[in-house]
Amino acid sequence: MNILEEIAASVVAGVQTLYGQETPAEKVALSPTRKEFEGDYTVVVFPYTKAAKKKPADIGEDLGKYIVENSPNINAYNVINGFLNLSVDSSYWTGVLETVAANDNYGQAAPNGKKIMVEYSSPNTNKPLHLGHIRNILLGWSSSMIYQATGYEVIKVQIVNDRGIAICRSMLAWLRFGEGETPESSGMKGDHFVGKYYVKFNTEFVKEYAEWQMTDQAKAVFEEKKKEGQDEAAFFKAYKNDYFNEYSYLGREAKEMLVKWEANDPEVRALWRKMNDWVLGGFDKTYDSLGVTFDKLYFESDTYLLGKELIEKGLEEGVLFKDGKRVWTDLSNIGMQKKTILKSDGTSTYTSQDLGTAQMRYNDYQAEKVVYVVGDEQISHFQGVFEILKRLKEPYADGLYHLAYGMVDLPTGRMKSREGTVVDADDLVAEVIGAAKADAIERGEIVDMPVAEQEDTFRKIGLGALKYFILKVNSKKRMVFNPQESVETQGNTGPYIQYAYVRCSGVARKAPEINMAASTDYNDLQPQEKELILKISQFPAEIANAAKEYDPSILAAFSYDLAKGYNKFYHDINILKSENEAAMAFRLKLSAVVARTLKSSMALLGIEMPARM
RNA sequence: GGACCCAUAGCUCAGCUGGAUAGAGCAGCUCACUUCUAAUGAGCAGGCCUCAGGUUCGAAUCCUGAUGGGUUCACCA
């Protein structure tokens, strides 16, 4: 039983004994005491006024006396304005520290025998990863780590969107303009290489479109289809997609390629495989640089035809309906309209595909929970998919969760590929590490380290800054990514937290040989020390909350608060000049536990700690 | 037209199930390094918590409505 439960139980018993009122323990309003008052925890006594028929101040007195008498760890109380402030005996806190220090796996729950699948990243194979993917990847990885800490077996997967017209565009551009160039021959990373041809296709297409607009055919189309008062420029801007489908030479070729791909044409398939391998090779390097891994990759090219089984079942059970070849259902109960599941030519849709994929993955792993880390623009898509699976009474339907995160904007507005403002993932990683390096070299603190270790430290600091900057924001909110601020190392940043850790390491390194068991004789607990122990004691609850809320930012805030508390403590109290052996042993132990807790909580964000910086 | 998300200091963000005088960081202005690394600490200044109602002993938090911003649904993935 922790101290909060102990107090709550005591309040329940007190209210029962004194006033004969039943209150559930979770209804007890209990919060940390504001620092301007004496005490550790505050009980709000207003809720008991009716049963007690007394003034809040008197209730506070009654309850305070009762709790101090009956609760061994509470040694004092005071009442202010109907708030009952309770003081916890300092031996309780020092006891907590000893307990935590003795637990090497503090924060890691025992395996619960359950599986959770986390799907994240899920890129398209026609261009490199960008800042938006980074947010996705960090959220996916962090969620995975958090679930692991709460006892789940985590299966990390991604769905690679490796088919469709987009990849055909890159393929076509490479065939026509590539002259046999490869990532090796050009010295480019595979994903950037393929992305180059995707861009090439578009520039060629735009050129072709501009030329077409001069033709008589284009003039005729404009005259025939223009809307009221629409001028030529506006019309052609809006008509681009139709042009691609109706008249474009390049468009026709790309579409023919897609048809051949679907017909399993050996040549097209070979080219497709080659270019996909290039891209995936490039992605692997990016994942590696970010320190993330996957247990299993699903390829859209394997899954896009799935779902037939579920659709049959749905039709039989009257959950889905059929008009000719088209299959649809009505989702008006969740604020949507009729949803097409198979098109009128009988071909698949995004929905049918996701239905099939969900079933396939359940067959593969029987995970009771699945977290889809996908941008919030797809909220209604997933609502639809989950709703249909529920109606089909699929056994896994209730465990599906869409972790929807907001878009990442730049200070200048949103990223637009057309305006070249998309922040490339690899460039960004290189940049933050470079900034960390420049900073560290200027400080000159680690110049005596072997070069490889230095490089490793720069990487940890740079990535620490970047990851923390992104993960500290509540995932469901849209966020502004300021490149300058993302490499800052002061204030509420990753490196600030790393620095607190480095201070812990430094103290441990310089500590004299003393009898650590003497820590239990320490009995002059300082407020700064109590703050730290209190914070550390909340770690497991914070992890549980982060898991429940699907929100790593909770742990970012926790890490920052703990680091801040340690920096304050470090500043106010000189550990190595402690008044006696007991105090020094206690503080060294506290310092070590802070270090371990910081390391664990940052690991849940995917952030590593340097030993020195 | 329907559905969903967001709105807190100049900027970027916290604020858990309703609780005392709404918190951090950055930017601005002070102060503290012969000290276990100042990537630090202490302080000043900065707020009609978008607005209007409602519930309550008590609302940034819950409910209703409005305004502003964003997303989405109507056989693309």
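Everything quoted here is computed from the prediction, not taken from an experiment. Order of the sequence lines fixes the chain letters, A, B, ..., with proteins taken first and strands second; residue numbering starts at 1 for each chain.
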Next item on the list: Look at all strands and tell whether Q337(A) reaches a base, only sugar-phosphate, or nothing, counting heavy atoms closer than 4.0 Å.
Entry: base
Enumerate the protein-to-nucleotides 29-35 of chain B contacts in which both atoms are nitrogen or oxygen and the separation is below 3.5 Å.
none

Check: Is K338(A) paired with D323(A) through a side-chain N to carboxylate O contact shorter than 4.0 Å?
Finding: no
Check: Do R169(A) and F244(A) meet the cation-pi criteria used here (NZ or CZ under 6.0 Å from the six-membered ring centre, within 45° of the axis)?
Finding: yes
Margin query: Both T33(A) and D376(A) contact RNA chain B. Taking the nearest nucleotide for each, which residue is further toward the 5' end?
Written below: T33(A)
Margin query: Looking at R587(A) and E529(A), is any side-chain nitrogen of the basic one under 4.0 Å from a carboxylate oxygen of the acidic one?
Written below: yes
Notebook entry, point to check: Can Y570(A) be classed as stacking with the base of C36(B), given a centroid separation cut-off of 5.5 Å and a plane angle cut-off of 30°?
Noted result: yes
Can you tabulate the close N/O pairs, meaning under 3.5 Å, that link protein atoms to atoms of nucleotides 21-23 of chain B?
| residue | atom | partner | partner atom | Å |
| --- | --- | --- | --- | --- |
| U21(B) | O2' | R34(A) | NH2 | 3.3 |
| G23(B) | OP1 | R34(A) | NH2 | 2.7 |

Item checked: Atom pair CD/CG of E485(A) and N482(A) - distance to nearest 0.5 Å -> 4.0 Å
Checklist line | Presence of salt bridge, K568(A) and E531(A), under 4.0 angstrom | finding: no
Next item on the list: Just jot down the salt bridge (Lys or Arg N to Asp or Glu O under 4.0 Å) partners of R459(A), sequence neighbours excluded, or say none.
Entry: D456(A), E608(A)
Notebook entry, point to check: When rounded to the nearest 0.5 angstrom, what distance separates OG in S601(A) from CD1 in I543(A)?
Noted result: 8.0 Å
Note to self: Please determine whether any donor N or O and acceptor N or O are separated by less than 3.5 Å between the side chain of N85(A) and the base of A20(B).
What the structure shows: yes
Checklist line | Polar contact flag, side-chain donor to acceptor under 3.5 angstrom, N567(A)-Y496(A) | finding: yes
Note to self: Regarding R414(A), tell me which of base, sugar-phosphate or nothing describes its non-hydrogen contacts under 4.0 Å with the strands shown.
What the structure shows: sugar-phosphate
Check: Which residues within residues 535-552 of chain A lie with some heavy atom under 4.0 Å of an atom in RNA chain B?
Finding: none
Checklist line | Under the ring pair (Phe, Tyr, Trp, His ring centres under 6.0 Å) test, residues paired with Y372(A) that sit two or more places apart | finding: F382(A), F386(A)
Check: Between the side-chain atoms of T493(A) and the base atoms of A39(B), is any donor-acceptor pair under 3.5 Å?
Finding: no
Notebook entry, point to check: Quick one: do D376(A) and K476(A) make a salt bridge, cutoff under 4.0 Å?
Noted result: no
Margin query: For S121(A) and N136(A), which I'm curious about, is there any donor-acceptor pair between the side chains at under 3.5 Å?
Written below: no
Check: Among all residues two or more places apart in sequence or in another chain, which pass the ring pair (Phe, Tyr, Trp, His ring centres under 6.0 Å) test with F201(A)?
Finding: none
Notebook entry, point to check: What's the NZ-C1' distance between K437(A) and A39(B), to the nearest Å?
Noted result: 19 Å
Check: Looking across every strand, which nucleic acid part, if any, lies under 4.0 Å from I159(A) by heavy atom: base, sugar-phosphate, or nothing?
Finding: nothing
Next item on the list: Counting Watson-Crick and G-U wobble pairs whose two distances are both under 3.5 Å, find the runs of 3 or more in a row that involve RNA chain B.
Entry: B:1-7 with B:67-73, B:10-13 with B:23-26, B:28-32 with B:40-44, B:50-54 with B:62-66
Check: What is the nucleic acid contact for G335(A), judged by heavy atoms within less than 4.0 Å: base, sugar-phosphate only, or nothing?
Finding: base
Check: Residues in side chain to side chain contact (heavy atoms under 4.5 Å, CB included) with V44(A), at least two apart?
Finding: A29(A), F46(A), P47(A), F83(A)
Notebook entry, point to check: Rounded to whole angstroms, how far apart are CE on M613(A) and P on C36(B)?
Noted result: 19 Å
All N/O pairs under 3.5 Å across the protein-nucleotides 75-77 of chain B interface:
| residue | atom | partner | partner atom | Å |
| --- | --- | --- | --- | --- |
| C75(B) | O4' | T340(A) | OG1 | 3.3 |
| C75(B) | O2 | S344(A) | N | 3.1 |
| C75(B) | O2 | S344(A) | OG | 3.3 |
| C75(B) | N3 | S344(A) | OG | 2.9 |
| A77(B) | OP1 | K343(A) | NZ | 3.1 |
| A77(B) | OP1 | S348(A) | O | 3.2 |
| A77(B) | O3' | E300(A) | OE2 | 2.5 |
| A77(B) | O3' | Q353(A) | NE2 | 3.1 |

Interface polar pairs with nucleotides 65-67 of chain B, N/O, under 3.5 angstrom:
none

Notebook entry, point to check: From S301(A) OG over to E262(A) CD, what is the distance, rounded to the nearest 0.5 angstrom?
Noted result: 11.5 Å
Checklist line | Contact letters for nucleotides 7-14 of chain B, in which S counts primed atoms plus P, OP1 and OP2 and B counts the base, heavy atoms under 4.0 Å | finding: S----SSS
Check: Which distance, rounded to the nearest 0.5 Å, do you find between the OG1 of T42(A) and the CD1 of I7(A)?
Finding: 9.0 Å
Next item on the list: Please state how far atom CD1 in I379(A) lies from atom C1' in A3(B), giving the value in whole angstrom units.
Entry: 10 Å
Checklist line | No-hydrogen, no-angle side-chain donor-acceptor test under 3.5 Å, D330(A) and Q337(A) | finding: no
Margin query: Determine whether a donor-acceptor pair (N or O, by modelled atom type, separation under 3.5 Å) exists between the side chain of S486(A) and the backbone of F469(A).
Written below: no
Note to self: Mind checking if Q490(A) touches a base, just sugar-phosphate, or nothing, with heavy atoms under 4.0 Å?
What the structure shows: sugar-phosphate
Note to self: Let's go through T349(A) and T340(A) carefully: what are the C-alpha distance in whole Å and the side-chain angles of both, what is the deciding distance for side chain to side chain donor-acceptor pair (under 3.5 Å) to 0.1 Å, and is it a yes or a no?
What the structure shows: CA-CA 8 Å; T349(A) 61; T340(A) 298; over 6 Å; no
Next item on the list: Determine if F83(A) stacks with A20(B); use a centre-to-centre distance below 5.5 Å and an interplanar angle below 30° as the criteria.
Entry: yes
Note to self: From the set A38(B), G19(B), C73(B), return the single nucleotide nearest to any side-chain atom of F46(A).
What the structure shows: G19(B)
Note to self: Tell me if the centroids of the rings in Y550(A) and Y405(A) come within less than 6.0 Å of each other.
What the structure shows: no
Check: With a 4.0 Å cut-off, would you call R478(A) and D409(A) a salt bridge?
Finding: yes
Next item on the list: Find the distance between OG (S591(A)) and OH (Y566(A)) and round it off to the nearest 0.5 Å.
Entry: 2.5 Å
Next item on the list: State, without any angle test, whether E300(A) and Q353(A) hold a side-chain donor-acceptor pair at a distance under 3.5 Å.
Entry: yes
Margin query: Heavy atoms from C-beta onward define the side chain here; which of G25(B), G19(B), U37(B) lies closest to that of R612(A)?
Written below: U37(B)
Taking N or O atoms only and anything under 3.5 Å, show me the protein contacts with nucleotides 62-64 of chain B, one pair per line.
none

Notebook entry, point to check: How close or far is atom C1' of C36(B) from atom CD1 of I575(A), stated in whole angstroms?
Noted result: 7 Å
Next item on the list: Among G19(B), A39(B), G41(B), find the nucleotide with the atom closest to the side chain of P47(A).
Entry: G19(B)
Check: In terms of the nearest nucleotide of RNA chain B, which residue is placed more toward the 5' end: V507(A) or K476(A)?
Finding: K476(A)
Checklist line | Separation of M584(A) CE from I575(A) CD1 (nearest 0.5 Å) | finding: 9.5 Å
